[in-house]
There are 4 protein chains.
Amino acid sequence: MLGPRVWSSVRQGLRRALSSTVGGWASGEGRKVDISGIYPPVTTPFTATAEVDYGKLEENLHKLGTFPFRGVASLAGFVVQGSNGEFPFLTSSERLEVVTRVRQALPRDKLLLAGSGCESTQATVEMTVSMAQVGADAAMVVTPCYYHGRMNSAALIHHYTKVADLSPIPVVLYSVPANTGLDLPVDAVVTLSQHPNIVGIKDSGGDVTRIGLIVHKTRRQDFQVLAGSAGFLLASYAVGAVGGVCALANVLGAQVCQLERLCLTGQWEDAQKLQHRLIEPNTAVTRRFGIPGLKKTMDWFGYYGGPCRAPLRELSADQEEALRLDFTSNGWL
Amino acid sequence: MLGPRVWSSVRQGLRRALSSTVGGWASGEGRKVDISGIYPPVTTPFTATAEVDYGKLEENLHKLGTFPFRGVASLAGFVVQGSNGEFPFLTSSERLEVVTRVRQALPRDKLLLAGSGCESTQATVEMTVSMAQVGADAAMVVTPCYYHGRMNSAALIHHYTKVADLSPIPVVLYSVPANTGLDLPVDAVVTLSQHPNIVGIKDSGGDVTRIGLIVHKTRRQDFQVLAGSAGFLLASYAVGAVGGVCALANVLGAQVCQLERLCLTGQWEDAQKLQHRLIEPNTAVTRRFGIPGLKKTMDWFGYYGGPCRAPLRELSADQEEALRLDFTSNGWL
Amino acid sequence: MLGPRVWSSVRQGLRRALSSTVGGWASGEGRKVDISGIYPPVTTPFTATAEVDYGKLEENLHKLGTFPFRGVASLAGFVVQGSNGEFPFLTSSERLEVVTRVRQALPRDKLLLAGSGCESTQATVEMTVSMAQVGADAAMVVTPCYYHGRMNSAALIHHYTKVADLSPIPVVLYSVPANTGLDLPVDAVVTLSQHPNIVGIKDSGGDVTRIGLIVHKTRRQDFQVLAGSAGFLLASYAVGAVGGVCALANVLGAQVCQLERLCLTGQWEDAQKLQHRLIEPNTAVTRRFGIPGLKKTMDWFGYYGGPCRAPLRELSADQEEALRLDFTSNGWL
Amino acid sequence: MLGPRVWSSVRQGLRRALSSTVGGWASGEGRKVDISGIYPPVTTPFTATAEVDYGKLEENLHKLGTFPFRGVASLAGFVVQGSNGEFPFLTSSERLEVVTRVRQALPRDKLLLAGSGCESTQATVEMTVSMAQVGADAAMVVTPCYYHGRMNSAALIHHYTKVADLSPIPVVLYSVPANTGLDLPVDAVVTLSQHPNIVGIKDSGGDVTRIGLIVHKTRRQDFQVLAGSAGFLLASYAVGAVGGVCALANVLGAQVCQLERLCLTGQWEDAQKLQHRLIEPNTAVTRRFGIPGLKKTMDWFGYYGGPCRAPLRELSADQEEALRLDFTSNGWL
């Protein structure tokens with residue numbers, strides 16, 4: 001974790017840089033990274049008193065890491081502090097400490113994509129730099145959202161350009177309209193794809209026409225698209241995505257990796273059958289029951305789910321039953 | 001065209017039937033039809049004074065019918081009175097006359113799917129029966145929409161069951177939220193898929209997770225899903241759809257059929273490349289510029305597009321230029 | 001009711017007029033009408049077999065007409081074929097016949113505002129002319145909605161100008177976004193307010209900032225704004241509206257007229273208390289339970305409510321209980 | 001500003017309290033405060049390098065405080081860290097320091113409502129306690145929003161109850177759907193109105209039916225409703241609101257206070273005329289051009305507006321002209 005002195009000096013430097021012209025200082029220029037593959041967005045375990053439980057975090061990672069899906073197919077790495085990581089509920093220190101711990105627990109060949117988005121450009125740059133310092137391989141930067149009514153292409157292009165200019169690690173755009181009320185416009189994505197330090201986008205909107213268009217319009221760049229959910233993973237591969245960040249991979253990681261393998265090897269019929277059986281469980285741990293649903297399912301699958309931080313609430317008994325049904329009826333429990 | 005006397009007697013019979021219990025009289029029971037394949041939703045040509053131009057309609061059909069896509073791939077048939085047919089602007093007589101003319105112009109081996117949806121259940125039944133009488137092979141029934149706030153699953157299940165009970169021809173559900181503000185709920189689709197006279201759905205929403213789920217949940221029925229737009233046609237095939245109703249097929253019919261063939265023969269890489277080049281032209285003639293855009297493009301491609309009925313307006317010069325760019329930049333003009 | 005011959009000749013004339021330049025022939029020029037006051041939007045009674053029950057319609061009107069609110073406060077008239085009249089479920093003949101019957105049952109000093117909106121401009125003009133012929137004092141014209149994605153200001157201005165040019169009776173604009181997905185833009189309203197044959201707007205959106213702005217921007221015209229619901233009637237008067245079309249006035253007509261009187265005489269404290277007690281009942285018979293809720297309540301209050309046409313459905317027992325509670329808890333039952 | 005040690009001890013105590021049962025410790029029980037009146041939501045001035053400019057903040061407050069609207073009508077106080085204060089762009093320290101400075105600059109008889117909402121319940125409690133320590137009279141707590149899909153009534157009631165239980169100062173609910181995508185449900189407001197430490201709500205949604213209903217349903221509590229914008233201030237007073245938090249009062253403070261006075265003294269005709277002239281300027285500095293528009297206008301009216309923090313952007317020349325027109329056309333510039 002960064003001490004206050006380091007922070008202060010980091011900030012001073014960044015302020016100067018931030019007031020310079022956009023594009024002036026591209027720290028990460030040229031160093032592209034291959035982000036293809038499947039990533040579970042790691043949840044943040046909490047104790048009964050809502051403290052981050054770093055021990056449980058490491059246990060979960062260990063279990064995920066020793067998964068039987070080595071060999072034929074395996075996770076490319078982990079997303080830390082995505083929407084499923086409850087990042088808006090963590091302090092800056094907690095956000096960094098969680099990434100630090102994940103980095104320590106992770107084999108070096110697994111990528112660590114760290115969510116570093118904040119509301120202001122300045123805070124996002126600071127968080128991105130800090131994430132790099134604690135070992136993130138790339139920064140996944142969600143669109144600012146509180147003032148989404150003013151977040152047009154010009155504002156978002158400026159924001160991401162500044163962040164990418166000043167980030168020591170490659171940047172992945174992150175569009176998740178269900179949370180932010182904002183879809184990163186395709187024209188902004190296309191412009192940003194030309195930045196040497198922006199390597200791809202995680203698109204959680206589920207609009208496969210849009211995903212295909214992004215792949216098409218960025219085909220001359222080395223730009224990679226990750227599906228933001230397992231529900232449209234096959235379709236995304238079909239139109240040119242190279243991987244996915246899938247909440248469902250926290251519990252059905254082997255299956256999601258298997259789906260990836262079937263798509264990559266052109267076994268579309270088997271892929272389709274598997275995809276079909278993953279849609280309802282996936283919806284259940286995302287849109288339908290959210291993080292409380294995902295964590296409850298983790299408890300069932302031998303991980304530590306545990307409570308969410310308030311104001312997120314536990315599922316009711318009825319909801320829990322419906323959640324379970326979405327897994328059992330598809331043969332996963 | 002039906003005379004007033006015929007109408008009156010048809011109506012009397014239907015009223016009786018409509019007041020009977022749902023499910024009581026399934027006229028079309030058991031006669032399923034294979035609706036797989038590509039369908040252009042035919043536009044309705046108008047003269048300068050906004051009369052239906054039946055001559056131009058026949059000319060367009062003739063040109064579409066003699067297309068070079070015989071052999072390797074060809075159209076399965078035509079949708080008449082879909083959203084692109086400006087059906088809400090036609091009188092009941094015009095709707096029937098258009099279908100009559102298309103039936104006459106069409107080879108018998110081409111399917112004619114006729115849009116017969118109206119706001120009330122009764123009117124929809126009457127129109128469906130009449131469409132059958134003038135030669136439609138199946139009825140495509142859009143969700144009622146003016147009171148969409150009250151169109152829950154129960155209301156829609158009741159509506160479609162009545163229509164399917166009384167329809168002499170198979171019924172295709174039609175969900176087009178961009179026009180109706182209403183997505184036919186998946187649970188309603190699943191229930192309705194069990195009706196012997198309901199053979200499939202045209203889904204224009206573009207949510208491929210939903211399409212996959214519908215295919216999955218109706219897998220034990222003989223139920224067919226058509227993508228409602230060329231923008232997500234490949235992705236829909238990938239998750240189990242069997243065809244598409246594609247506005248773009250009015251002008252790039254050969255290409256859309258070629259995309260179908262590539263999907264069906266498992267040539268996914270080529271399919272992807274072709275799909276990519278169709279997204280922008282497709283968006284241009286649908287969401288972006290609507291029917292005025294589609295008709296303008298038809299003029300360019302040797303068909304008769306002509307004016308729309310008011311209140312739809314012609315494109316401005318700027319819009320026309322943007323429309324053209326969406327075709328030229330993808331190599332189609 | 002118009003015979004087929006009359007219709008045909010009416011249509012021929014209109015077609016010619018429609019192809020002329022907008023603004024060329026303003027039939028109703030200069031004849032403004034005072035539409036201030038309270039109007040119940042009359043429901044259409046149906047028999048058990050879903051035929052229009054004209055007898056019940058006349059009984060309802062008679063009861064409403066002999067209401068104790070003569071003298072101190074009284075209804076300005078009736079809206080026929082508004083959204084509450086289930087007009088999308090009626091044939092053209094039924095629409096005209098209902099208006100004919102209401103005209104006959106109504107004292108001459110009560111205004112009859114007839115909903116004449118259709119999807120196409122041409123059909124709207126025809127219906128408006130016919131409504132005038134059967135005795136409507138003004139035509140209330142809902143925005144076309146199926147292609148709402150293309151209904152920008154230019155399209156709507158053109159549509160309403162044509163209708164107003166050709167209408168023998170004054171035109172009232174009608175914006176009801178809950179049904180149409182479309183708010184008639186303020187700039188279009190301001191432009192249209194300058195047409196000599198457009199006298200006002202019924203605004204059902206409930207955005208009182210917008211209502212105030214419309215009053216302000218049309219202050220130099222003789223343009224009148226009616227609130228489209230009793231829930232924001234007081235607030236609308238406060239910002240300059242001159243009346244309301246209120247579903248609730250079908251059952252609590254005296255109370256709504258009393259609210260009008262309190263507003264007009266500046267008794268704002270009493271008005272506020274009364275307004276407060278009307279919000280929940282009003283929401284119950286509009287947004288919450290729709291026309292089935294309104295008709296059920298009419299049954300309770302001594303009118304004939306009866307069934308709706310399908311696909312609208314009766315309330316469940318639970319819904320009925322909740323509906324009743326919204327009236328009892330506010331002291332109205 | 002709180003040192004790290006104080007923070008740490010504050011946090012420890014709060015954690016314990018937070019894990020206790022809801023309702024167990026109501027620190028602020030019984031101490032209601034009168035929040036009626038007009039409040040400008042203070043903007044946060046930044047230097048050219050995006051540092052908080054505390055000097056300019058004090059200058060602005062001084063100018064606002066010596067306004068000619070003493071006597072006949074005057075500001076009740078100031079909202080600090082509302083949406084217009086760019087609070088999502090400030091660090092916790094900056095948020096507290098800004099409130100500290102405003103407290104010092106403010107006469108004791110002016111209320112200071114401090115925005116203390118954060119995403120997590122825990123962070124919100126901590127910030128609320130800190131706001132109290134630096135002199136806030138009440139805490140205005142925005143709804144958490146990132147996971148708005150899960151923020152149902154139960155979650156929000158639990159959140160606000162915890163905050164109100166542990167807050168040393170009265171709590172004002174804050175619903176601003178344009179930013180949060182979330183309308184605090186009326187039933188939750190009604191339940192929360194019974195908490196002894198919750199004194200009111202700032203409602204920025206502009207739905208006056210809802211505002212009237214909240215006033216009505218909380219009439220047995222000592223619960224106060226503030227309109228969240230000047231555009232519907234008159235209408236809100238008409239249905240029972242007791243004041244407003246109005247961005248426009250930062251530049252037209254005298255006029256907004258005059259409008260309040262006209263409403264409170266029953267001069268509704270004059271109030272209406274004034275209200276009308278405020279709608280366009282108000283929309284311009286809120287929904288249309290946001291904080292950049294408000295700050296630009298402040299520059300024109302003799303205050304320091306200055307730049308926003310990124311990613312908010314300055315207005316273009318065209319936008320600036322449109323903004324100016326909204327003031328000049330209504331006679332304010």
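Letters A, B, ... are given to chains in the order of the sequence lines, protein chains preceding strands, and every chain is numbered from 1. What you see below is based on every heavy atom in this structure, not just the backbone, and it leaves out hydrogens, waters and symmetry mates.
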For this session: Please report the shortest heavy-atom distance between D:Glu280 and C:His216, naming the atom on each side.
Result: OE1-CD2, 4.4 Å
Problem set entry | Most contacts with chain D, counted as non-hydrogen pairs under 4.5 angstrom, among C:Gln275, C:Gln272, C:Lys273 | C:Gln272
For this session: Please look at D:Arg210 and chain C and tell me whether the side chain, the backbone, both or neither of the residue comes under 4.5 angstrom of a heavy atom of that chain.
Result: neither
Problem set entry | Neighbour count above 12 (heavy atom, 6.0 Å) for D:Arg277 CZ | yes
Problem set entry | Side chain / backbone / both / neither for C:Leu213 at chain D, heavy atoms under 4.5 Å | both
Exercise. Can you name the side-chain contact (heavy atoms from CB on, under 4.5 Å) partners of C:Gln221, sequence neighbours left out?
Worked result: C:Ser193, C:Gln194, C:Phe223
Problem set entry | Residue-level contacts of residues 326-333 of chain D with chain C, using a heavy-atom cutoff under 4.5 Å | D:Asn330
Exercise. In terms of heavy-atom pairs under 4.5 Å with chain C, which of D:Thr209, D:Ile211, D:Val208, D:Asp207 leads?
Worked result: D:Thr209
Exercise. Is it the side chain or the backbone of C:Arg219 that comes within 4.5 Å of chain D heavy atoms, both, or neither?
Worked result: neither
For this session: Name, in order of residue number, those residues of residues 171-184 of chain D that have a heavy atom at a distance of less than 4.5 Å from a heavy atom in chain C; otherwise write 'none'.
Result: none
Seminar exercise, completed: If one checks every heavy atom of C:Lys217 against chain D at 4.5 Å, the contacting part turns out to be side chain
Indicate every side-chain donor-acceptor pair of residues 225-244 of chain D with a distance under 3.5 Å to a residue at least two apart or in another chain.
| from | atom 1 | to | atom 2 | distance (Å) |
| --- | --- | --- | --- | --- |
| D:Ser229 | OG | D:Asn282 | ND2 | 3.0 |
| D:Ser236 | OG | D:Phe232 | O | 2.6 |

